[in-house]
Amino acid sequence: MNATAHILIVDDDKETCLLLSKFLTHHGYRISVAHDGKAMMQMLEASRVNLIVLDLMLPGEDGLSLCRRLRAVNTVPIIMLTAMGEQTDRVVGLEMGADDYLPKADNPRELLARIRAVLRRAGTPEVVGAIPGSRVLEFGGWRLDVTRRQLFSPAKVLIPLRASEFELLLALVERPRRVLTRDQLLDLSRGRGANSFDRSIDVLVSRLRRKIEPDPKEPVLIRTVRGGGYLLSAAVTSVGAGS
(Lines give C-alpha, C1' and ligand atoms only; values in the text may rest on other atoms or scores of the structure.)
Protein backbone atom coordinates (compact mmCIF):
# COMPACT_ATOMS: atom_id res chain seq x y z
CA MET A 1 0.00 0.00 0.00
CA ASN A 2 1.41 3.40 -0.78
CA ALA A 3 2.60 5.62 2.07
CA THR A 4 -0.11 8.23 1.58
CA ALA A 5 -2.92 5.94 2.70
CA HIS A 6 -5.48 7.90 4.72
CA ILE A 7 -6.28 6.38 8.12
CA LEU A 8 -9.14 7.57 10.31
CA ILE A 9 -8.73 6.99 14.05
CA VAL A 10 -12.05 6.94 15.91
CA ASP A 11 -11.51 7.12 19.68
CA ASP A 12 -12.78 9.40 22.43
CA ASP A 13 -9.45 9.16 24.31
CA LYS A 14 -7.56 12.21 23.06
CA GLU A 15 -4.26 11.00 24.49
CA THR A 16 -4.56 7.73 22.56
CA CYS A 17 -5.45 9.62 19.39
CA LEU A 18 -2.43 11.90 19.79
CA LEU A 19 -0.07 8.98 20.43
CA LEU A 20 -1.31 6.94 17.46
CA SER A 21 -1.47 9.97 15.16
CA LYS A 22 2.17 10.85 15.83
CA PHE A 23 3.31 7.25 15.50
CA LEU A 24 1.45 6.51 12.26
CA THR A 25 2.31 9.89 10.73
CA HIS A 26 5.96 9.11 11.43
CA HIS A 27 5.50 5.92 9.39
CA GLY A 28 4.17 7.82 6.40
CA TYR A 29 0.40 7.70 6.77
CA ARG A 30 -2.05 10.56 6.51
CA ILE A 31 -4.09 10.65 9.72
CA SER A 32 -7.49 12.09 10.63
CA VAL A 33 -9.19 11.82 14.02
CA ALA A 34 -12.81 11.59 15.15
CA HIS A 35 -13.95 11.29 18.76
CA ASP A 36 -17.44 9.85 18.16
CA GLY A 37 -19.66 8.28 15.53
CA LYS A 38 -21.12 11.53 14.27
CA ALA A 39 -17.68 13.01 13.63
CA MET A 40 -16.61 9.77 11.94
CA MET A 41 -19.54 9.88 9.51
CA GLN A 42 -18.85 13.54 8.72
CA MET A 43 -15.21 12.71 7.99
CA LEU A 44 -16.20 9.84 5.70
CA GLU A 45 -18.53 12.12 3.75
CA ALA A 46 -15.87 14.81 3.42
CA SER A 47 -12.88 12.73 2.30
CA ARG A 48 -11.76 9.32 1.12
CA VAL A 49 -10.52 7.08 3.91
CA ASN A 50 -8.49 3.91 3.26
CA LEU A 51 -8.82 2.35 6.71
CA ILE A 52 -10.58 3.03 10.02
CA VAL A 53 -9.11 2.26 13.44
CA LEU A 54 -12.31 2.07 15.49
CA ASP A 55 -12.48 1.95 19.29
CA LEU A 56 -15.11 -0.38 20.74
CA MET A 57 -16.11 1.91 23.62
CA LEU A 58 -17.31 5.29 22.37
CA PRO A 59 -19.73 7.86 23.79
CA GLY A 60 -23.20 7.54 22.31
CA GLU A 61 -23.20 4.92 19.56
CA ASP A 62 -20.54 2.29 20.33
CA GLY A 63 -17.97 0.85 17.97
CA LEU A 64 -19.85 -2.38 17.24
CA SER A 65 -22.99 -0.49 16.23
CA LEU A 66 -20.96 1.88 14.06
CA CYS A 67 -19.16 -1.04 12.43
CA ARG A 68 -22.48 -2.71 11.58
CA ARG A 69 -23.89 0.55 10.21
CA LEU A 70 -20.77 1.16 8.11
CA ARG A 71 -20.87 -2.32 6.64
CA ALA A 72 -24.35 -1.69 5.28
CA VAL A 73 -23.07 1.11 3.04
CA ASN A 74 -19.27 1.01 2.95
CA THR A 75 -16.45 -1.52 2.40
CA VAL A 76 -13.64 0.51 3.98
CA PRO A 77 -11.35 -1.79 6.03
CA ILE A 78 -11.90 -1.59 9.80
CA ILE A 79 -9.60 -2.56 12.66
CA MET A 80 -11.38 -2.70 16.00
CA LEU A 81 -9.64 -1.69 19.22
CA THR A 82 -10.94 -3.41 22.36
CA ALA A 83 -9.95 -2.17 25.81
CA MET A 84 -9.82 -5.61 27.41
CA GLY A 85 -9.30 -7.77 24.35
CA GLU A 86 -12.20 -9.98 25.41
CA GLN A 87 -12.80 -12.94 23.08
CA THR A 88 -16.53 -12.22 22.95
CA ASP A 89 -15.88 -8.65 21.79
CA ARG A 90 -13.57 -9.88 19.04
CA VAL A 91 -16.07 -12.46 17.79
CA VAL A 92 -18.89 -9.93 17.70
CA GLY A 93 -16.61 -7.40 15.98
CA LEU A 94 -15.83 -9.89 13.22
CA GLU A 95 -19.49 -10.75 12.88
CA MET A 96 -20.27 -7.06 12.44
CA GLY A 97 -17.76 -6.92 9.57
CA ALA A 98 -14.46 -5.80 11.11
CA ASP A 99 -11.32 -6.97 9.29
CA ASP A 100 -9.16 -7.33 12.37
CA TYR A 101 -9.13 -6.64 16.11
CA LEU A 102 -6.48 -5.66 18.62
CA PRO A 103 -6.43 -5.06 22.40
CA LYS A 104 -5.99 -1.35 23.00
CA ALA A 105 -3.04 -1.82 25.36
CA ASP A 106 -0.88 -3.54 22.72
CA ASN A 107 2.29 -1.91 21.40
CA PRO A 108 1.62 0.60 18.57
CA ARG A 109 4.00 -1.44 16.42
CA GLU A 110 1.51 -4.31 16.55
CA LEU A 111 -1.20 -1.97 15.29
CA LEU A 112 1.14 -0.77 12.53
CA ALA A 113 1.73 -4.37 11.44
CA ARG A 114 -2.02 -5.06 11.40
CA ILE A 115 -2.69 -1.87 9.42
CA ARG A 116 -0.09 -2.82 6.83
CA ALA A 117 -1.50 -6.35 6.54
CA VAL A 118 -5.12 -5.20 6.18
CA LEU A 119 -4.23 -2.53 3.61
CA ARG A 120 -2.17 -5.07 1.69
CA ARG A 121 -5.07 -7.53 1.64
CA ALA A 122 -7.49 -4.80 0.60
CA GLY A 123 -5.28 -3.46 -2.18
CA THR A 124 -6.56 -3.75 -5.78
CA PRO A 125 -4.75 -3.07 -9.08
CA GLU A 126 -5.36 0.36 -10.61
CA VAL A 127 -5.16 -0.85 -14.22
CA VAL A 128 -8.59 -1.77 -15.52
CA GLY A 129 -7.79 -3.72 -18.68
CA ALA A 130 -6.29 -7.17 -19.02
CA ILE A 131 -3.44 -7.78 -16.62
CA PRO A 132 -0.53 -9.87 -17.89
CA GLY A 133 -0.18 -13.04 -15.85
CA SER A 134 -3.51 -12.56 -14.08
CA ARG A 135 -4.73 -15.68 -12.28
CA VAL A 136 -8.36 -16.79 -12.20
CA LEU A 137 -9.53 -19.87 -10.29
CA GLU A 138 -12.91 -21.45 -11.02
CA PHE A 139 -14.84 -23.67 -8.59
CA GLY A 140 -18.46 -24.80 -8.77
CA GLY A 141 -19.25 -22.11 -11.36
CA TRP A 142 -17.68 -19.37 -9.22
CA ARG A 143 -14.66 -17.44 -10.47
CA LEU A 144 -12.03 -15.99 -8.14
CA ASP A 145 -9.80 -13.42 -9.86
CA VAL A 146 -6.72 -13.60 -7.65
CA THR A 147 -4.92 -10.71 -9.32
CA ARG A 148 -7.82 -8.27 -9.11
CA ARG A 149 -9.02 -9.82 -5.83
CA GLN A 150 -12.57 -10.18 -7.13
CA LEU A 151 -15.18 -12.93 -6.85
CA PHE A 152 -17.85 -13.53 -9.51
CA SER A 153 -20.93 -15.69 -9.07
CA PRO A 154 -22.01 -18.31 -11.66
CA ALA A 155 -24.28 -15.55 -13.02
CA LYS A 156 -21.18 -13.34 -13.45
CA VAL A 157 -22.25 -10.96 -10.67
CA LEU A 158 -19.41 -9.33 -8.73
CA ILE A 159 -19.69 -10.35 -5.07
CA PRO A 160 -18.14 -7.87 -2.60
CA LEU A 161 -15.62 -9.50 -0.26
CA ARG A 162 -13.89 -8.07 2.78
CA ALA A 163 -10.10 -8.46 2.71
CA SER A 164 -10.21 -11.14 5.40
CA GLU A 165 -12.95 -13.05 3.53
CA PHE A 166 -10.93 -12.98 0.31
CA GLU A 167 -7.80 -14.31 2.02
CA LEU A 168 -9.72 -17.15 3.68
CA LEU A 169 -11.50 -18.11 0.46
CA LEU A 170 -8.19 -18.05 -1.44
CA ALA A 171 -6.60 -20.34 1.15
CA LEU A 172 -9.43 -22.85 0.63
CA VAL A 173 -9.57 -22.54 -3.16
CA GLU A 174 -5.82 -23.07 -3.51
CA ARG A 175 -6.14 -26.31 -1.52
CA PRO A 176 -9.38 -27.92 -2.79
CA ARG A 177 -10.77 -31.10 -1.23
CA ARG A 178 -8.15 -30.92 1.52
CA VAL A 179 -9.08 -30.62 5.18
CA LEU A 180 -7.54 -27.49 6.70
CA THR A 181 -7.51 -27.01 10.44
CA ARG A 182 -8.40 -23.68 11.99
CA ASP A 183 -4.73 -23.17 12.88
CA GLN A 184 -3.73 -23.75 9.26
CA LEU A 185 -6.40 -21.37 7.99
CA LEU A 186 -5.30 -18.68 10.45
CA ASP A 187 -1.71 -19.01 9.26
CA LEU A 188 -2.66 -19.10 5.58
CA SER A 189 -5.22 -16.29 5.59
CA ARG A 190 -3.91 -13.77 8.10
CA GLY A 191 -0.95 -15.14 10.03
CA ARG A 192 -1.29 -16.23 13.63
CA GLY A 193 -0.91 -13.08 15.71
CA ALA A 194 -0.67 -13.05 19.48
CA ASN A 195 -4.41 -12.46 19.74
CA SER A 196 -5.69 -14.76 17.01
CA PHE A 197 -8.03 -17.53 18.06
CA ASP A 198 -9.91 -20.37 16.38
CA ARG A 199 -13.36 -18.81 16.70
CA SER A 200 -12.42 -16.02 14.27
CA ILE A 201 -12.15 -18.56 11.45
CA ASP A 202 -15.64 -19.88 12.26
CA VAL A 203 -17.01 -16.33 11.98
CA LEU A 204 -15.31 -15.72 8.62
CA VAL A 205 -16.50 -19.08 7.26
CA SER A 206 -20.04 -18.18 8.29
CA ARG A 207 -19.77 -14.84 6.47
CA LEU A 208 -18.41 -16.53 3.34
CA ARG A 209 -21.17 -19.13 3.35
CA ARG A 210 -23.80 -16.41 3.41
CA LYS A 211 -22.28 -15.07 0.20
CA ILE A 212 -21.55 -18.21 -1.83
CA GLU A 213 -23.77 -21.04 -0.56
CA PRO A 214 -27.32 -21.58 -1.94
CA ASP A 215 -28.32 -22.44 1.63
CA PRO A 216 -25.77 -21.30 4.26
CA LYS A 217 -27.35 -23.66 6.80
CA GLU A 218 -26.69 -26.64 4.50
CA PRO A 219 -23.33 -25.74 2.92
CA VAL A 220 -22.14 -27.72 -0.09
CA LEU A 221 -19.03 -25.75 -1.08
CA ILE A 222 -17.31 -25.01 2.23
CA ARG A 223 -17.88 -28.07 4.38
CA THR A 224 -17.19 -28.55 8.06
CA VAL A 225 -15.15 -31.62 8.98
CA ARG A 226 -16.03 -32.59 12.52
CA GLY A 227 -12.95 -32.44 14.70
CA GLY A 228 -10.84 -31.44 11.70
CA GLY A 229 -11.64 -28.04 10.26
CA TYR A 230 -12.97 -27.03 6.84
CA LEU A 231 -12.56 -28.03 3.22
CA LEU A 232 -13.62 -26.74 -0.18
CA SER A 233 -15.55 -29.63 -1.74
CA ALA A 234 -15.52 -28.43 -5.36
CA ALA A 235 -12.86 -29.12 -7.94
CA VAL A 236 -10.79 -26.07 -8.88
CA THR A 237 -9.46 -25.19 -12.31
CA SER A 238 -7.23 -22.34 -13.44
CA VAL A 239 -8.69 -20.39 -16.36
CA GLY A 240 -7.73 -17.36 -18.43
CA ALA A 241 -8.93 -14.00 -17.08
CA GLY A 242 -10.80 -13.29 -20.29
CA SER A 243 -12.42 -16.72 -20.66
Side-chain angles (χ1 to χ4, degrees), residues 51-54 56 63-64 67-68 70-71 75-82 84-103 106 110-111 113-123 137 139-140 142 144 146 149-151 159-236:
L51 181 143
I52 298 174
V53 176
L54 179 60
L56 177 66
L64 289 176
C67 183
R68 180 174 59 245
L70 270 176
R71 276 295 161 261
T75 60
V76 61
I78 298 171
I79 296 179
M80 297 285 298
L81 294 182
T82 61
M84 299 300 293
E86 292 293 337
Q87 178 168 316
T88 301
D89 290 340
R90 298 179 209 164
V91 171
V92 175
L94 284 169
E95 289 175 338
M96 293 300 100
D99 295 276
D100 209 340
Y101 46 80
L102 192 67
D106 276 18
E110 173 73 7
L111 175 60
R114 301 292 184 97
I115 287 172
R116 286 172 172 167
V118 170
L119 287 175
R120 186 167 57 247
R121 294 198 301 262
L137 302 175
F139 62 98
W142 292 81
L144 187 67
V146 180
R149 302 174 68 86
Q150 294 176 331
L151 175 67
I159 307 299
L161 289 180
R162 303 300 310 136
S164 52
E165 294 167 357
F166 174 87
E167 293 294 343
L168 177 61
L169 181 58
L170 179 61
L172 290 164
V173 170
E174 288 183 329
R175 299 160 185 83
R177 297 176 175 173
R178 171 181 162 188
V179 178
L180 297 173
T181 67
R182 291 171 177 81
D183 281 351
Q184 289 174 316
L185 288 169
L186 278 169
D187 290 335
L188 291 167
S189 64
R190 63 191 297 171
R192 176 172 282 280
N195 298 300
S196 294
F197 58 100
D198 292 350
R199 181 75 173 92
S200 65
I201 290 297
D202 296 336
V203 172
L204 289 175
V205 167
S206 178
R207 280 163 47 179
L208 269 178
R209 282 173 170 165
R210 289 197 293 268
K211 294 185 176 184
I212 72 172
E213 297 282 4
D215 181 357
K217 294 181 180 179
E218 297 290 338
V220 294
L221 287 173
I222 302 177
R223 294 187 176 175
T224 302
V225 179
R226 189 178 298 277
Y230 297 99
L231 65 79
L232 182 81
S233 63
V236 176

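Side chain of R114 to backbone of Y101: a donor-acceptor contact under 3.5 angstrom is found. Panel note: side chain S233, backbone L221; a donor-acceptor pair is recorded below 3.5 Å. Remark: side-chain polar atoms of R207 are not paired, donor with acceptor, to backbone N or O of D202 under 3.5 angstrom. Using modelled atom types, one side-chain atom of E213 and one backbone atom of V220 make a donor-acceptor pair closer than 3.5 Å. Remark: the backbone N or O of I79 is not paired with any side-chain donor or acceptor of D99 at under 3.5 angstrom.
Between D100 and R162 there is no salt bridge, since no side-chain nitrogen of the basic residue lies less than 4.0 Å from a carboxylate oxygen of the acidic one.
Within the model, atoms CZ of R223 and CD of E218 stand 10.5 Å from one another, a figure rounded to the nearest 0.5 Å. Going from atom NZ of K211 over to atom CD1 of I222 covers 11.5 Å, rounded to the nearest 0.5 Å. Note: I78 CD1 to L51 CG = 8.5 Å, rounded to the nearest 0.5 Å. Between atom CZ of residue R177 and atom CG of residue L232 there is a gap of 8.5 Å, rounded to the nearest 0.5 Å. Taking OG1 from T82 and CG from L102, the interatomic distance works out to 7.5 Å, rounded to the nearest 0.5 Å. A distance of 11.5 Å separates CD1 in I159 from CG in L208, rounded to the nearest 0.5 Å.
Residues V179 and G229 share a closest heavy-atom pair of CG1-N, 4.2 Å. Of all heavy-atom pairs between G63 and L54, the closest is O-CD2, 3.4 Å. Minimum interatomic distance between C67 and A98 (heavy atoms only, all atoms of both residues): SG-N, 3.7 Å.
In this structure, Y230 and R182 have side chains that are in contact, with non-hydrogen atoms separated by less than 4.5 Å. L186 has its side chain within reach of S200: a pair of non-hydrogen atoms, C-beta onward, lies under 4.5 Å apart. I212 has its side chain within reach of L151: a pair of non-hydrogen atoms, C-beta onward, lies under 4.5 Å apart. With contacts defined as side-chain heavy-atom distances shorter than 4.5 Å, the pair L185/L172 qualifies. Residues I52 and L70 meet the side-chain proximity criterion, which asks for heavy atoms closer than 4.5 Å.
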Applying side chain to side chain contact (heavy atoms under 4.5 Å, CB included) to E174 and V236, what does each step give before you reach the verdict? CA-CA 8 Å; E174 288 183 329; V236 176; over 6 Å; no
